[in-house]
Number of protein chains: 2
Amino acid sequence: MKISDLAKRCGLSAHTLRYYERIGLLPYADRDRSGQRDYDASILSWIEFLGRLKTTGMPIRDMLLYAKLADSGKVTFSERRKLLEVHRERVRANLADLEACLRVLDGKIASYAEAEERMRDDKRNIADTPARARA
Amino acid sequence: MKISDLAKRCGLSAHTLRYYERIGLLPYADRDRSGQRDYDASILSWIEFLGRLKTTGMPIRDMLLYAKLADSGKVTFSERRKLLEVHRERVRANLADLEACLRVLDGKIASYAEAEERMRDDKRNIADTPARARA
DNA sequence: TCTTGACTTAGAGTGCGCTCGAAGCCGTAG
DNA sequence: CTACGGCTTCGAGCGCACTCTAAGTCAAGA
């Protein structure tokens, strides 16, 4: 698979894929005889997992640490698990924050809706009131 | 209230508060006779709301738009409501994504835990096996 | 009076995560 | 044969949201 094919499949740009390889987030890809990267489809699941880490707000430097551990084989299982457990707690805390914010947002939206409703009522009342009474 | 007091109360640095004022996220604060900002406590609820927007991932340029609408009084109620409704949908989508990621993370952690468990079992079995059988 | 420390401004610098540009190589279609 | 598109590398540039520095002012306490 060429870099543009992989880009289409995983949703990252070719630029970004090269950047990820450069910084060590993706393993050095095999090159064909003309020097072009030739990817194995198995890279997709790794990229997908990186996407999960990214979505959940893990900074690249932490992903690099995880990638380095993953390169070192089974002996780093417990380290990797601990890293993910720590991250999971951050994600949970973040989720709780977001839910709280969402409720505030709901409240704010509702209060605007009510205010708009009241303004419509006021207009109607004025319109329904005879001109003499308004003066 | 001086800027350092406000900074302590709201959790932003004085630098950031001045920056927010500069870009228009905070209203121009009254200055005392020596030119120092003198804040009214009422600014706190606005800063807190900005924090909610920030937590939920709203970029500053959108907060600026909201701030500008808020400055224009009641006539922008429905615009403000719509802006927040759009944002709320993004937040909900983001929450759903995060929850999905969290489940993936749980699965990954569980698979590491199982692998570690199996490795411990293997070691124990080897230790329990008489040396002649191991040879 | 002098020192201290918090404040003021304008503007430069930082860290992150890309994103793009330039210059050049390679393989295929016309 | 040549033109074209897509690939290569290296390094510069960008957008965001701060974060800090420098140079100067001011008010209160020893």
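In this text, all values refer to a predicted model and were calculated from it rather than measured experimentally. Numbers restart at 1 for each chain; the letters A, B, ... are given by sequence-line order, proteins then strands.
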Whole angstroms only, please: what is the CZ-P distance between A:R31 and C:dC25? 17 Å
Return no unless some side-chain N or O of A:R37 is found under 4.0 Å from OP1 or OP2 of D:dT8. yes
What's the CG-C1' distance between A:L6 and D:dT8, to the nearest Å? 16 Å
Rounded to the Å, how far apart are A:H15 NE2 and D:dT9 C1'? 12 Å
Closer than 3.5 angstrom, by distance alone: can the side chain of B:T16 be matched with the main-chain N or O of B:L12 as a donor-acceptor pair? no
Would you say D:dA17 has OP1 or OP2 under 4.0 Å from some side-chain N or O of B:Y20? no
Would the distance check show the side chain of B:T76 and the main-chain N or O of B:S72 forming a donor-acceptor pair, the cut-off being under 3.5 Å? no
Tell me whether the OP1 or OP2 atom of C:dG5 has a side-chain N or O from B:K2 closer than 4.0 Å. no
Look at A:S34 and D:dT8 and indicate whether a side-chain polar atom (N or O) is within less than 4.0 Å of OP1 or OP2. no
Categorize A:R18 for me: base, sugar-phosphate, or nothing, with a 4.0 angstrom heavy-atom threshold over every strand shown. base
Determine, for A:F49 and B:K108, whether the Lys NZ or Arg CZ falls below 6.0 Å from the six-membered ring centre while staying within 45 degrees of the axis. yes
Can you work out whether B:R33 or B:Y19 has the more 5'-proximal nearest nucleotide on DNA chain D? B:Y19
Atom CZ of B:R22 and atom P of D:dC18: how far apart are they, to the nearest Å? 12 Å
